[in-house]
Structure formats: C-alpha cells, structure tokens
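Following: one structure in structure tokens, then a few remarks.
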Amino acid sequence: MLNEYELKQRMNEAIEWIKEYVDNSGAKGVIVGNSGGKDSATVIAMSVKALGKEKVVTVSMPCNSINTDYDDAKLVADTFGVRFIKNDLTEIYTKLEKQLNNSTQKLGINELTKEAQINIKPRLRMVTLYAIAQTLGYLVIGTGNLCEAMVGYTTKWGDSACDFNPISNFTVPEVLAIGRMLGVPEKIINKPPNDGLGGQTDEEKLGVKYTQIAEMIEKGETEEKAKKIIIEKYNKSKHKRTPIPNFSFNRINCLDNGKEQKII
C-alpha cells in the first residue's frame with residue numbers, strides 16, 4: 001500500500017484529474033452509480049471535491065436488492081449533499097430474464113446460466129446511467145478498483161463500462177484510506193464489500209481477501225492457496241483488461257489528412 005504521504009498526493013492528483021477531464025470534455029458534470037459501498041462512496045467524495053456537489057448526480061439502482069443497500073446509498077448522498085435518485089430495475093430485469101429464457105430455448109438452452117443471469121443486472125444499470133448522463137450532458141464516472149480488475153471481478157459492458165475512472169489504479173486498502181480522508185461514513189468504510197448481485201460478499205465469491213490481492217499486486221506474494229486462486233483468475237480475465245481486438249491493415253484515411261493509418 002502507498003504510504004500516507006504518497007497516497008494523499010495521488011489522491012489529490014486524481015481529484016484534479018477529474019476536474020480537468022470533465023472541463024476538457026465539455027461535460028456539465030458526472031453521474032455515479034451509488035451502490036452504498038466503499039468504491040462508489042469514495043468516487044462520489046472525490047467528484048464533489050473536484051467539481052462541487054451541484055455537478056454530481058448519484059443513482060441507486062436496486063434489482064432484487066436488500067433495503068439496507070438503498071439506505072447506505074442515501075446515507076452517502078446525504079453526507080456529500082449530492083443529488084440522488086432511485087431507479088428500481090427489478091421488474092425490468094425479471095421480464096428480460098424470462099424473455100431470454102423463452103427465446104433461447106430455440107438454441108437448446110433451457111435456462112441462462114446463473115452467471116449470465118447475474119450479469120444482466122450491472123448491464124441494465126449501465127444502460128440506466130448512460131441514458132441519464134446523455135440527457136444531462138454528463139459523463140459516467142467509473143467506480144472499479146485495481147484489485148477487482150486484476151482478478152476480473154467486473155462485468156464487461158456493465159460496471160466496467162464508464163467514460164473515465166479515477167480509482168482504477170488504487171487497491172482496495174487504498175480506496176478505503178482515501179474514503180476516510182474525504183469523510184466517507186465509517187459505516188460504509190466498515191461494510192463488507194458486496195456487489196449486491198449474488199447474496200454473498202465479494203471475498204466469499206472470490207475465495208480470497210482483497211488484502212491478499214493487494215499483496216500480490218504490490219509484492220507478487222501472498223498466502224499460497226490465495227496466490228494460486230489469484231493467478232488463475234488473473235490469467236482467465238485478461239480479456240477484460242485489454243481493448244477490443246480489431247482486424248487491422250494500412251489504408252489511406254482522408255479524415256486524417258490523407259495519411260496512411262494502421263487501424264488498431
């Protein structure tokens with residue numbers, strides 16, 4: 001973990017980066033998926049510091065979720081004085097899942113896999129955030145941390161989708177420390193990480209602790225059993241951390257002053 005001095009320095013740089021990125025894009029503000037967890041709370045706090053509370057909109061998007069998650073999301077919004085709306089996706093999700101199960105029977109599939117069903121939820125949430133953001137002239141700001149990215153604990157085109165992300169290079173312990181620095185409520189800081197999608201905490205699903213993932217990132221070593229799990233997950237999830245592969249060849253592009261370009 002970065003020492004306190006360096007972490008504070010990087011935090012301030014990230015906050016300034018948020019301001020510069022939004023200003024340079026011409027956007028009017030940012031929209032955040034407010035789950036009531038540590039990552040979204042920390043990003044909300046950073047965004048308010050960078051832009052002011054009037055330029056930050058947060059959205060709670062329950063989907064067969066427990067009520068305490070909404071209560072925690074409201075606590076975060078109230079703490080930082082940002083606009084807060086609720087858009088319940090439960091009914092939409094239920095209808096879509098049923099329709100998909102019916103239509104895929106033609107492919108010999110009786111039912112979507114559990115993971116496929118779970119991943120519908122973050123993708124619906126991202127549809128919601130982008131619809132509101134586009135209407136407001138805002139950017140969708142990301143809330144995924146480095147530990148999650150390294151083991152692929154993210155949904156492609158779901159919670160991993162965003163316009164920019166200020167905490168993508170911070171580990172979970174660092175995100176928690178930044179949250180404390182910026183006044184995220186201790187209830188949120190101490191809350192066991194939970195994506196609200198499968199009834200288990202993040203660490204229960206992963207089979208390892210976030211501190212162990214952070215150790216692997218920083219030192220390349222941790223408890224042996226956890227090390228094997230982390231390496232396996234890292235290798236299997238590389239496709240989530242790389243740009244979309246594109247067939248490329250050299251061609252003249254008149255929109256680029258007639259220069260020969262290799263499309264990558």
Side-chain angles (χ1 to χ4, degrees), residues 14 17-19 21-66 69-97 116-145 148-149 153-168 175 179 184 188 193-198 202 240 244:
W17 180 70
I18 293 172
K19 184 179 186 306
Y21 195 93
V22 173
D23 287 347
N24 291 338
S25 73
K28 298 176 182 178
V30 297
I31 187 165
V32 190
N34 184 356
S35 68
K38 66 186 185 317
D39 294 321
S40 60
T42 299
V43 170
I44 289 167
M46 295 171 75
S47 299
V48 168
K49 196 84 172 174
L51 306 170
K53 62 184 180 182
E54 68 282 352
K55 291 186 177 181
V56 180
V57 169
T58 71
V59 187
S60 170
M61 295 167 283
C63 189
N64 296 318
S65 307
I66 58 175
D69 286 344
Y70 171 79
D71 295 338
D72 290 344
K74 190 172 188 308
L75 170 63
V76 172
D78 290 344
T79 298
F80 295 103
V82 295
R83 286 177 286 175
F84 176 62
I85 62 172
K86 177 182 179 182
N87 189 55
D88 196 313
L89 298 172
T90 302
E91 185 178 352
I92 295 171
Y93 166 78
T94 302
K95 288 181 178 179
L96 179 58
E97 182 192 354
Q117 293 172 12
I118 288 174
N119 283 328
I120 292 171
K121 297 177 182 180
R123 289 173 177 140
L124 285 174
R125 287 170 177 162
M126 199 50 60
V127 168
T128 302
L129 292 179
Y130 268 96
I132 298 171
Q134 187 170 15
T135 301
L136 292 174
Y138 279 28
L139 295 177
V140 175
I141 190 167
T143 60
N145 63 63
E148 292 171 336
Y153 192 60
T154 179
T155 300
K156 252 185 174 180
W157 319 126
D159 54 312
S160 67
C162 60
D163 292 311
F164 68 125
N165 185 344
I167 65 168
S168 61
V175 170
V184 171
I188 306 302
N194 186 338
D195 61 11
L197 298 177
D202 292 356
K240 295 186 178 183
I244 300 172

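Atom CZ of Phe80 is separated from atom CD1 of Ile44 by 8.0 Å, given to the nearest 0.5 angstrom. Interatomic distance, Thr154 OG1 to Asp159 CG, rounded to the nearest 0.5 Å: 3.5 Å. Rounded to the nearest 0.5 angstrom, Tyr93 OH and Arg123 CZ are separated by 12.0 Å. Note: Met126 CE to Lys156 NZ = 15.0 Å, rounded to the nearest 0.5 Å. Going from atom CG of Asn64 over to atom OG1 of Thr94 covers 5.0 Å, rounded to the nearest 0.5 Å. To the nearest 0.5 Å, the span separating CE on Met61 from CG on Asp69 amounts to 12.0 Å.
Between Ile188 and Asp72, some side-chain heavy-atom pair lies under the 4.5 Å cut-off. Between Lys28 and Leu136, every side-chain heavy-atom pair lies at or beyond the 4.5 Å cut-off. Between Pro166 and Ile141, the closest side-chain pair of non-hydrogen atoms falls below 4.5 Å. Under the 4.5 Å side-chain criterion, counting only non-hydrogen atoms from C-beta, Glu148 is in contact with Asp39. Looking at Tyr130 and Asp163, their side chains come closer than 4.5 Å, going by heavy atoms from C-beta outward. You'll find the side chain of Ile132 reaches within 4.5 Å of the side chain of Ile85, heavy atoms only. Taking the side chain as every heavy atom from C-beta outward, Val76 and Thr58 never approach each other to under 4.5 Å.
The salt bridge (Lys or Arg N to Asp or Glu O under 4.0 Å) analysis of residues 78-95, with sequence neighbours excluded, yields the pairs Lys74-Asp78, Glu91-Lys95. For residues 42-54, there are no side-chain hydrogen bond (donor to acceptor under 3.5 Å, both in side chains) pairs, not counting sequence neighbours.
Heavy atoms of other residues, nucleotides or ligands lying less than 6.0 angstrom from CH2 of Trp17 number more than 12.
The two residues Ile118 and Pro122 have their closest heavy-atom pair at O-CD, 3.1 Å. Residues Asn87 and Pro62 come closest through the heavy atom pair O-CD, 3.8 Å. For Lys38 against Val175, the heavy-atom pair with the smallest separation is O-CG1, 4.2 Å. Nearest heavy atoms, Leu139 versus Ser25: CD1-OG, 3.5 Å. Listed here is the closest heavy atom pair of Ala133 and Ile31: CB-CG2, 3.6 Å.
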List the steps, then state whether side-chain hydrogen bond (donor to acceptor under 3.5 Å, both in side chains) holds for Ser35 with Ser40. CA-CA 6 Å; Ser35 68; Ser40 60; 3.2 Å; yes
Evaluate side-chain contact (heavy atoms from CB on, under 4.5 Å) for Leu124 paired with Leu96, printing each intermediate quantity in order. CA-CA 10 Å; Leu124 285 174; Leu96 179 58; 4.2 Å; yes
Could you walk me through whether Phe164 and Ile18 pass the side-chain contact (heavy atoms from CB on, under 4.5 Å) check? CA-CA 8 Å; Phe164 68 125; Ile18 293 172; 4.2 Å; yes
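The closest donor-acceptor contact from the side chain of Asn119 to the backbone of Thr155 lies at 3.5 Å or more, if one exists at all. A donor-acceptor contact shorter than 3.5 Å is absent between the side chain of Arg125 and the backbone of Gly33.
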